[in-house]
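This structure is a prediction, so every number in the text was calculated from the model and none was measured.
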Amino acid sequence: MKKRKLPLTRILSDALEMPENIFPGVSDINIIQNTELSVENCRGILLYESDEIQLRMQRFVLCIKGEELSLKSYFGSHVSIKGNIESVEFKCDKKG
């Protein structure tokens, strides 16, 4: 059986007993109920519509679907979205 390689951030976080999201480049996603979502380390906005927003992350695309979605803030690599969030989906980003 082929052994799977773990990312360096996972190895370090396990060894140091620290959360993985404190390391640079690791995505941090926070959801407050179904009304607000904030993301750290976003690489760009791929789609922006009132019913769907797609964000390019380091290794995936984050798809947020809902109603009346809008950007609350977009500063550097931090994005905050508000609205009626119905689903959050992770898609493999082939451009990665």
Side-chain angles (χ1 to χ4, degrees):
M1 181 182 287
K2 188 176 181 181
K3 195 171 186 176
R4 231 177 110 187
K5 292 183 180 180
L6 291 175
L8 180 59
T9 55
R10 172 71 55 85
I11 295 167
L12 287 173
S13 70
D14 289 348
L16 299 173
E17 296 181 0
M18 299 174 78
E20 190 174 354
N21 66 353
I22 66 164
F23 297 101
V26 175
S27 301
D28 186 23
I29 302 167
N30 294 297
I31 301 173
I32 301 171
Q33 293 184 351
N34 70 326
T35 59
E36 190 172 329
L37 180 139
S38 64
V39 178
E40 291 290 339
N41 295 316
C42 174
R43 293 186 165 196
I45 299 171
L46 300 174
L47 177 69
Y48 181 75
E49 296 179 355
S50 65
D51 63 345
E52 182 176 4
I53 297 175
Q54 293 184 4
L55 305 175
R56 178 183 300 274
M57 307 304 287
Q58 184 173 355
R59 297 178 186 228
F60 58 90
V61 174
L62 183 66
C63 302
I64 302 100
K65 294 183 181 180
E67 297 175 347
E68 300 177 14
L69 299 176
S70 63
L71 291 179
K72 183 176 177 181
S73 65
Y74 181 38
F75 183 75
S77 64
H78 175 82
V79 177
S80 183
I81 296 169
K82 66 178 183 174
N84 182 18
I85 299 168
E86 295 173 356
S87 70
V88 177
E89 182 180 356
F90 300 87
K91 293 184 179 179
C92 178
D93 183 12
K94 304 216 184 335
K95 295 179 185 176

Taking C-beta and beyond as the side chain, do I81 and L55 meet within less than 4.5 Å on heavy atoms? yes
Tell me whether F60 is reachable from I45 by hopping between hydrophobic residues (I, L, V, M, F, W, Y) whose side-chain heavy atoms are closer than 4.5 Å. yes
For residues L69 and D51, determine if any side-chain heavy atom of one lies less than 4.5 Å from a side-chain heavy atom of the other. no
Say you draw a straight line from OG of S73 to NZ of K82; how long is it, rounded to the nearest 0.5 Å? 10.0 Å
With a 4.5 Å cut-off on side-chain heavy atoms, are L37 and N30 touching? no
All heavy atoms of M57 vs all of E40, minimum pair found to be CE-O, 3.7 Å
Side chains of N34 and N84: do they bring a donor and an acceptor to under 3.5 Å? yes
Atom of E89, atom of K65 and distance for their closest heavy-atom approach: OE1-NZ, 4.4 Å
Grab the two heavy atoms, one from I85 and one from T35, that are nearest each other, plus how far apart they are. CD1-C, 4.2 Å
Mind checking the CD-CG spacing from Q54 to L47? Nearest 0.5 Å is all I need. 5.0 Å
Could you check if a side-chain atom of S80 sits within less than 4.5 angstrom of a side-chain atom of H78, using non-hydrogen atoms only? yes
In terms of hydrophobic clusters joined by side-chain contacts under 4.5 Å, are I31 and V79 together? yes
Would you give the length of the straight line joining atom CD1 of I64 to atom OG of S87, rounded to the nearest 0.5 angstrom? 9.0 Å
Taking the side chain as every heavy atom from C-beta outward, state whether K91 and C63 have any pair of such atoms under 4.5 Å apart. yes
Side chains of D28 and N41: closer than 4.5 Å at any heavy-atom pair? no
Closest non-hydrogen atom pair, L71 against Y48: N-OH, 3.2 Å
